[in-house]
Amino acid sequence: GGCSVIGVAALAFLPQNVGATVCYLVAVIPILFLGIGSTAPAVIANAIGAMKSPEDKQNKADRVCCHEAAHFLCGYLCGLPIASYATTDENIPRVEFYETAQGPLTEQKKLTQDE
């Protein structure tokens with residue numbers, strides 16, 4: 001994405017040696033991100049958390065409600081009956097669906113190969 005565009009722009013608009021150097025330095029950014037993310041993902045998570053504004057933290061409840069509403073809507077559109085909808089002790093909404101469109105699984109009703 002962005003690193004590719006910056007790298008190509010550096011080659012096109014900067015002097016030869018400077019453009020090549022900037023291009024190589026920019027090309028290393030995704031590789032470093034992948035390396036750090038696979039060996040120490042908490043470093044990236046903490047960096048993202050540090051960049052969030054206080055407004056983002058206040059809107060978390062709204063985001064969670066919208067997220068669960070999306071689960072509810074997708075389940076409805078897929079024809080899955082709702083097993084339960086409740087809030088947890090932390091006041092987080094949670095929606096659960098039955099495994100099949102016919103409702104809960106019982107010992108007599110096993111999933112077939114088609115399901």
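FYI, the numbering just counts along the sequence from 1. All heavy atoms count here, side chains included; hydrogens, waters and symmetry mates do not.
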Sub-4.5 Å side-chain heavy-atom contact between F97 and I82: yes

Apply salt bridge (Lys or Arg N to Asp or Glu O under 4.0 Å) to E68 and list each qualifying residue two or more places apart in sequence or on a separate chain. none

Linking I/L/V/M/F/W/Y whenever any side-chain heavy atoms sit under 4.5 Å apart, do L80 and V95 land together?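 Same hydrophobic cluster.
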
Looking only at non-hydrogen atoms, find the nearest pair between A27 and I31 and report the distance.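 The answer is O-CD1, 3.9 Å.
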
Looking at every non-hydrogen atom in both residues, tell me the closest pair between G35 and T39 and how far apart they are. O-OG1, 2.8 Å

Between side-chain atoms of residues 3-14 and protein atoms elsewhere (two or more places apart, or another chain), which donor-acceptor pairs fall under 3.5 Å?
none

Kindly state each residue pair satisfying ring-ring contact (aromatic ring centres under 6.0 Å, His included) with at least one member in residues 19-53, sequence neighbours excluded.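 Listed by first then second residue: nothing to list.
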
